[in-house]
Amino acid sequence: MTNSHTYNPEHLNYLKMLAKQYPTVQAACTEIINLQAILNLPKGTEHFLSDIHGEFEAFEHILQSASGVIREKLDILFGTTLTREQREELATLIYYPEEKLEEIEQTVSDMSEWYRITFHRLIEVCCLVCSKYTRSKVRKALPTEYAYIIDELIHTYYEDEDKRDYYENILSTIYALDRASSFLVQLCTLIKRMAVDHLHVVGDIFDRGPGADIVMDALEEHHSIDIQWGNHDILWMGAASGSRTLVATVLVNSLRYNNLEVIETGYGISLRPLSVFADEYYKDCDLSRFAVKLSAEEEARLSPREKQAAARMHKAITMILFKLEGQKVLRNPAFGMEDRLLLDKINYEDKTIRIGDNVYPMLDTDFPTVDPADPYTLTPEEELLISQLTRSFRHSEKLQRHVRFLYSKGSLYKIYNNNLLFHGCVPMNEKGELISFSIDCDNLSGKAFLDHADKLARRAYYNKRNTPEREAGMDFLWWLWCGRNSPIFGRDRMTTFERRFIADEQTHTEPKNAYYHLYDDPAICDRLLKEFGLEGEHCHIINGHIPVKSKKGESPIKAGGKLLVIDGGFCKAYQPTTGIAGYTLIYSSNFLRLVAHEPFSGRKDAIRNNRDIVSNSSILERLESQKKIAQTDIGTQLQEQINNLLALVSAYRSGAIAESHK
């Protein structure tokens, strides 16, 4: 290139902007050297979780232990110098430093010596987990208070006799100034921070467990994360957006499983209006079909009066939900769900209901607020109630913050380092053909429809209130939650109505989309990967949503390893069915490893008895050679930066752009 006329004007303008950041040839070349060095570092470790369902204690332990990565590091370093019990105690200290330290202080007589030895061990672990990163990246991760000290310690060669006294003096001074516990906590935090470079959450953070808000708090603090929305996440996103139907759904689910702590304590949403309404309009109502599911401890603790009040609220909000769902179906013919209009099919005289060509006896037709002649219209009192409750969801500051985080870090699917991540499915028919949808679009399927659906989901939250676009977006969130063949629901129908009111269990079935029995076919998975622009030996689909029934011999590895189901199984309610507490996935620079977990015995037991989650890991793929950053998505971005900088250097040398020396 000899002059500016050989440059595309747009490209030249971009290079001039880049020149403001790198004003000389030397500055540009220095950055090229730095970026080129980064490309040759090992790829960072990725950690995949799914289906947390509010089970905070188990989630926290899996997160802190990085699904066994930290234990693996301790075994590498201390496998021949520390006993298994000592390594277990050190692992627990790293996971829960403050709580474990309190316990140790009560049993150790010489804390000065204990700290000295423990600091040495933790610094060794720090050195190992930081070894694959640039010094600059490690520095950015260091806690501000101890950044200089830790940087010195992890880059000091202890074998160097001249440095040994310097090293020991730092540690003894920390103890003498009564900063040992604070310093130890920060070392443990750094180890956990550097053990995993990036976290993927493949959907369903909410519902069932009591601590979804606490899980969200922890995820907000994570240094690098993406989220693929699950159906239960979409449910709460819709409620926060102001969808009355999804507010009612959240309340029905929470009441059904006596899981109101997240709503009332976590998000500060008062359910008193619902309680008052239910006491007035459902006081003498048949509640036999709406008994709340309770644990043995809750069964013993709650009085008959409290159980009855919960059942009353459960039934009152459920009937509101069925009305609101009917309204959505009626105003959205594109959803193709007219067969889910059931309130108008009830014969109150003989207490039966017609569904399709069949007539079934009803177990309950005592619906005080339903007008048989106009079953989908809310009473004025129901309108007032659901408006009050929806307003409370919209005005919960913490819920709104969490939902904004879900939108900013989340999407329906993610392509990351040749892996395709999504929670539910890519809808297809029995022939393995992609299903087309015409919901605010014209016959879109596969990737194109998921891209379209992602945009519609965002309209529900970001468009102005009371606009047709926002209303349509909120209706679409409801369809994503339970609509026929929705990509995150993945079933033909949701049979909440039938389960409450019809004894015939054949009506309770929720047929899965064909994807779930075709995804064991490698050809199907290859076709889906290609649909999203992925081809090659080391490409995978990583899936959540459907618990793997391990005790029945089901494997999470499908299509010869092309597809991996990592439903976390954190939810205790699913564990009797699955037989385990689900799966997580680790993708390091050397291998892809699936980890199967046993149920967690609890935080207190873990701290007191150094009890880790019992996990069995199996390496699915061992890479032929260590994967470098150059072979990752970040590497592609860095290479593009290098190419632009090389073009800038060329422009400087050709005279197209002048250097700026200050």
Side-chain angles (χ1 to χ4, degrees), residues 34 37 41-42 44-45 64-66 69-83 86-197 221 223 607 610:
N34 290 338
L41 287 172
T45 297
Q64 304 289 19
S65 66
V69 168
I70 288 173
R71 281 292 301 275
E72 180 185 52
K73 303 299 184 189
L74 298 183
D75 290 342
I76 290 170
L77 287 172
F78 308 118
T80 58
T81 57
L82 297 179
T83 65
Q86 288 172 319
R87 298 197 303 277
E88 286 174 352
E89 181 172 82
L90 186 56
T92 305
L93 180 68
I94 293 170
Y95 306 159
Y96 308 104
E98 291 164 311
E99 297 94 327
K100 191 62 183 176
L101 198 52
E102 282 182 18
E103 180 189 282
I104 288 169
E105 285 173 342
Q106 295 172 8
T107 59
V108 173
S109 56
D110 187 351
M111 284 302 295
S112 173
E113 179 69 3
W114 181 88
Y115 270 119
R116 189 182 70 81
I117 294 170
T118 303
F119 282 155
H120 279 281
R121 290 171 180 168
L122 291 176
I123 290 164
E124 279 193 69
V125 182
C126 276
C127 290
L128 181 59
V129 297
C130 293
S131 62
K132 64 164 63 176
Y133 303 113
T134 64
R135 192 162 180 176
S136 172
K137 182 165 182 171
V138 174
R139 280 174 175 161
K140 290 174 184 175
L142 295 176
T144 305
E145 186 179 0
Y146 298 107
Y148 174 77
I149 296 170
I150 296 175
D151 186 49
E152 283 289 291
L153 292 173
I154 63 178
H155 292 102
T156 294
Y157 293 100
Y158 190 74
E159 292 77 12
D160 186 340
E161 198 166 333
D162 293 334
K163 285 282 190 176
R164 190 175 303 169
D165 288 343
Y166 169 71
Y167 187 103
E168 292 288 355
N169 187 58
I170 291 175
L171 298 181
S172 60
T173 303
I174 289 169
Y175 184 79
L177 293 173
D178 198 26
R179 303 302 297 163
S181 61
S182 170
F183 182 65
L184 182 140
V185 169
Q186 295 297 343
L187 279 177
C188 293
T189 301
L190 178 63
I191 289 167
K192 291 179 286 193
R193 159 70 177 80
M194 304 310 289
V196 168
D197 191 48
E221 295 298 316
H223 58 276
I607 294 167
N610 303 319

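Atom set for the values below is all heavy atoms of this structure, side chains included, hydrogens, waters and symmetry mates excluded.
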Quiz prompt | Leu101 side chain reached by Trp114 side chain, heavy atoms, under 4.5 Å | solution = yes
Self-check item: Ile94 vs Lys73 side-chain heavy atoms within contact, under 4.5 Å
Solution: no
Quiz item: Can you list the residues that meet the side chain to side chain donor-acceptor pair (under 3.5 Å) rule with Ser65, with sequence neighbours excluded?
Solution: none
Quiz item: Should the pair Arg116-Glu113 be classified as a salt bridge under the 4.0 Å nitrogen-to-oxygen rule?
Solution: yes
Quiz item: Distance from His120 atom NE2 to Leu171 atom CG, nearest 0.5 Å?
Solution: 5.5 Å
Anything under 3.5 Å between a donor and an acceptor, one on a side chain of residues 177-186, the other on a protein residue two or more places apart or in another chain? List them.
{"residue": "Arg179", "atom": "NE", "partner": "Tyr146", "partner atom": "OH", "Å": "3.3"}
{"residue": "Arg179", "atom": "NH2", "partner": "Glu145", "partner atom": "OE2", "Å": "2.6"}
{"residue": "Arg179", "atom": "NH2", "partner": "Tyr146", "partner atom": "OH", "Å": "3.4"}
{"residue": "Arg179", "atom": "NH2", "partner": "Ser182", "partner atom": "OG", "Å": "3.4"}
{"residue": "Ser182", "atom": "OG", "partner": "Tyr146", "partner atom": "OH", "Å": "2.9"}

Quiz prompt | Reported OH-to-CG distance for the pair Tyr166 and Leu153, which is rounded to 0.5 angstrom | solution = 7.5 Å
Quiz item: What are the two closest non-hydrogen atoms of Arg71 and Tyr95, and how far apart are they?
Solution: CG-OH, 3.1 Å
Exercise. Compare every heavy atom of Leu82 with every heavy atom of Arg87, then report the nearest pair and how far apart it is.
Key: NH1-O, 2.7 Å
Quiz item: At what distance, to the nearest 0.5 angstrom, does CD1 of Ile191 lie from CD of Glu124?
Solution: 10.5 Å
Quiz item: When rounded to the nearest 0.5 angstrom, what is the spacing between CG in Leu74 and CD in Gln86?
Solution: 12.0 Å
Self-check item: Taking every non-hydrogen atom, the tightest pair across Ile170 and Ile149
Solution: CG2-CG2, 3.6 Å
Quiz item: Within a reach of under 6.0 Å around CD of Glu105, are more than 12 heavy atoms found that belong to other residues, nucleotides or ligands?
Solution: yes
Quiz item: Hey, does Tyr167 have a side-chain heavy atom less than 4.5 Å from the side chain of Ile123?
Solution: yes
Quiz item: Between Ile154 and Cys130, what is the shortest heavy-atom contact and its length?
Solution: CD1-SG, 4.4 Å
Quiz prompt | pair Thr81-Phe78: side-chain heavy atoms closer than 4.5 Å | solution = yes
Exercise. Locate the shortest heavy-atom distance separating Ala195 from Ile70; write the atom from each residue and the value.
Key: CB-CG1, 4.1 Å
Quiz prompt | Separation of His155 NE2 from Ile150 CD1 (nearest 0.5 Å) | solution = 11.5 Å
Quiz item: With a 4.5 Å heavy-atom cut-off, do Lys100 and Cys188 have their side chains touching?
Solution: no
Quiz item: Can you tell if the side chain of Lys132 reaches within under 4.5 Å of the side chain of Leu41, non-hydrogen atoms only?
Solution: no
Quiz prompt | Contact summary for Ile607 and Glu103, nearest pair of heavy atoms | solution = O-OE1, 3.5 Å
Self-check item: Any donor-acceptor N/O pair, Tyr133 side chain to Met194 backbone, under 3.5 Å
Solution: yes
Quiz item: Measuring from Leu93:CG to Glu88:CD, what's the distance to the nearest 0.5 Å?
Solution: 13.5 Å
Quiz item: Would you say the side chain of Leu77 lies within less than 4.5 Å of the side chain of Arg121, judging by non-hydrogen atoms?
Solution: no
Quiz item: Given side chains that start at C-beta, do those of Leu122 and Cys126 come closer than 4.5 Å, heavy atoms only?
Solution: no
